Amino acid sequence: MNARFRQRITALLAAHYGIAPDDRTQPGTTLRPMDPDDWDGWLELIPVGVRVGVEVPPLLRERVEAVVAAHPTDHVLTGADFVAAWGSEGARVGKMKVYMLDAAAFRPFAPDPRYVARALTEADRAAFDAFLARCPEKDRAEADISLDQDWPFGVFDGARMVAGASTYRWLGLVDVGVLTDPAYRGQGLGKAVVSAVAQHVAAQGHVVCYRHAVYNTGSQGIAEGLRFSLYATTEGVHPVK
């Protein structure tokens with residue numbers, strides 16, 4: 001990731017967390033209250049310059065503040081700090097790779113001509129629902145795509161939807177989720193639908209990000225194939241109790 005683009009990402013994230021420009025170069029941790037309706041069960045530790053930003057729902061505010069207060073003000077919280085405070089049975093730590101679409105590096109990808117990649121509308125509801133029904137529940141949960149999210153896109157084999165992507169706002173950026181019909185995997189269709197929605201959203205001036213669990217090599221292949229730029233490998237903390 002080139003320095004100028006990284007500076008832009010840092011500025012966007014700092015604005016989201018309310019971190020002043022001078023503070024981006026000062027190590028430490030910034031907590032930001034979040035709407036409980038947006039809470040998905042994880043505390044995400046996101047690098048912002050040399051700081052880390054953490055969105056915290058009301059029900060965890062006091063517990064997280066206690067973890068922060070147990071360290072010097074210039075301490076950057078990690079997953080290990082939560083495990084030390086809450087115990088290995090009280091905090092489960094996972095890692096994700098976070099990529100950003102840098103137009104200078106991006107390499108668009110189109111599917112085989114037999115397939116059509118396009119934006120979805122309400123008229124595609126039945127095809128979208130049938131597509132989801134053909135995908136394993138675990139994959140649906142991880143992809144978290146919806147026709148009701150921003151900018152849904154799909155890839156079609158005739159009338160059959162075989163891959164889908166949609167986006168939602170995340171920390172001032174636009175995050176992309178993707179899912180492919182199990183019977184159509186290995187053909188680059190996930191990469192094609194992410195490429196289509198990413199180009200569409202970026203053309204409107206938004207910064208597109210793409211995240212996946214570190215063990216998800218399929219998603220990593222999509223990000224690397226499209227030449228998304230790796231921003232960071234981040235930690236997430238799930239309070240077990």
Side-chain angles (χ1 to χ4, degrees), residues 9 12-14 16-19 27-72 75-100 132 135-146 148-150 165-179 190 209-223 228 230-241:
I9 301 303
L12 287 169
L13 292 174
H16 177 81
Y17 287 107
I19 300 173
T29 300
T30 297
L31 304 183
R32 180 185 187 273
M34 71 182 302
D35 189 319
D37 291 338
D38 295 332
W39 167 243
D40 64 0
W42 290 87
L43 297 166
E44 296 181 283
L45 282 55
I46 306 299
V48 184
V50 298
R51 298 185 70 80
V52 66
V54 186
E55 285 194 311
V56 184
L59 76 165
L60 289 177
R61 184 77 188 189
E62 291 185 2
R63 294 183 65 196
V64 174
E65 286 178 342
V67 177
V68 173
H71 297 87
H75 180 74
V76 178
L77 280 186
T78 68
D81 295 323
F82 287 93
V83 173
W86 299 346
S88 59
E89 296 183 355
R92 179 160 55 92
V93 179
K95 292 187 176 183
M96 297 192 73
K97 289 189 175 182
V98 179
Y99 298 82
M100 308 291 177
L132 288 183
C135 297
E137 182 178 355
K138 179 181 178 182
D139 293 351
R140 296 199 307 266
E142 185 168 352
D144 190 26
I145 68 170
S146 169
D148 300 317
Q149 289 181 350
D150 297 332
S166 63
T167 70
Y168 60 93
R169 305 304 174 101
W170 179 74
L171 310 184
L173 312 172
V174 176
D175 186 59
V176 180
V178 60
L179 183 63
C209 72
Y210 183 86
R211 300 181 293 153
H212 66 81
V214 292
Y215 58 78
N216 192 332
T217 56
S219 282
Q220 180 172 326
I222 290 175
F228 273 65
L230 181 63
Y231 174 71
T233 298
T234 67
E235 289 186 305
V237 179
H238 174 62
V240 178
K241 60 181 179 179

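Note that the structure is predicted; figures quoted are calculated from it, not measured.
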Query raised in the report: Residues two or more places apart in sequence or in another chain: which of them pass ring-ring contact (aromatic ring centres under 6.0 Å, His included) with Trp170?
Result: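 Here no residue qualifies.
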Requested in this report: Evaluate the side-chain contact (heavy atoms from CB on, under 4.5 Å) criterion for residues Leu45 and Thr234: first the C-alpha distance (whole Å), next the side-chain angles of each, then the deciding distance (0.1 Å), finally the verdict.
Outcome: CA-CA 6 Å; Leu45 282 55; Thr234 67; 5.9 Å; no
Tell me if a side-chain donor or acceptor on [X] pairs with a main-chain N or O of [Y] at a distance below 3.5 Å.
X	Y	result
Arg140	Cys135	yes
His238	Arg92	no
Ser219	Ala213	no
Arg169	Val174	no

Report task. Assess whether side-chain contact (heavy atoms from CB on, under 4.5 Å) is satisfied between Glu235 and Val52, documenting all intermediate values. Result -> CA-CA 10 Å; Glu235 289 186 305; Val52 66; over 6 Å; no
Query - Partner set under side chain to side chain donor-acceptor pair (under 3.5 Å) for Ser166, not counting sequence neighbours - result: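 Testing Ser166 for side chain to side chain donor-acceptor pair (under 3.5 Å), a comparison that skips the adjacent residues, returns Gln149.
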Do [X] and [Y] have side-chain heavy atoms sitting under 4.5 Å apart?
X	Y	answer
Val56	Glu65	no
Leu132	Leu179	yes
Val48	Thr30	no
Glu44	Glu55	no

Minimum heavy-atom distance [X]-[Y], with the two atoms named:
X	Y	answer
Met34	Pro58	O-CD, 3.5 Å
Pro47	Leu13	O-CD1, 3.7 Å
Ala223	Tyr210	CB-CD2, 3.7 Å
Asp150	Tyr168	OD2-CA, 4.4 Å
Gly79	Val93	O-CG2, 3.8 Å
Val67	Ala85	CG2-CB, 3.8 Å

Report task. Describe, in one word, how the ring planes of Tyr99 and His212 are oriented to each other, choosing from parallel (under 30°), tilted (30 to 60°) and perpendicular (over 60°). Result ->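 Answer is parallel, since the angle falls under 30°.
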Report task. Classify the ring geometry between Phe82 and Trp86 as parallel (under 30°), tilted (30 to 60°) or perpendicular (over 60°). Result ->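 Perpendicular, since the angle between the ring planes exceeds 60°.
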Spatial distance of atom [atom1] ([X]) from atom [atom2] ([Y]) [nearest 0.5 Å]:
X	Y	atom1	atom2	result
Asp144	Thr167	CG	OG1	11.0 Å
Leu171	His16	CG	NE2	4.5 Å
Tyr215	Met96	OH	CE	8.0 Å
Leu77	Leu43	CG	CG	10.0 Å
Tyr17	Ile46	OH	CD1	5.0 Å

Query - Residues in salt bridge (Lys or Arg N to Asp or Glu O under 4.0 Å) contact with Asp175, at least two apart in sequence or another chain - result: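 Checked Asp175 against salt bridge (Lys or Arg N to Asp or Glu O under 4.0 Å); matches are Arg211.
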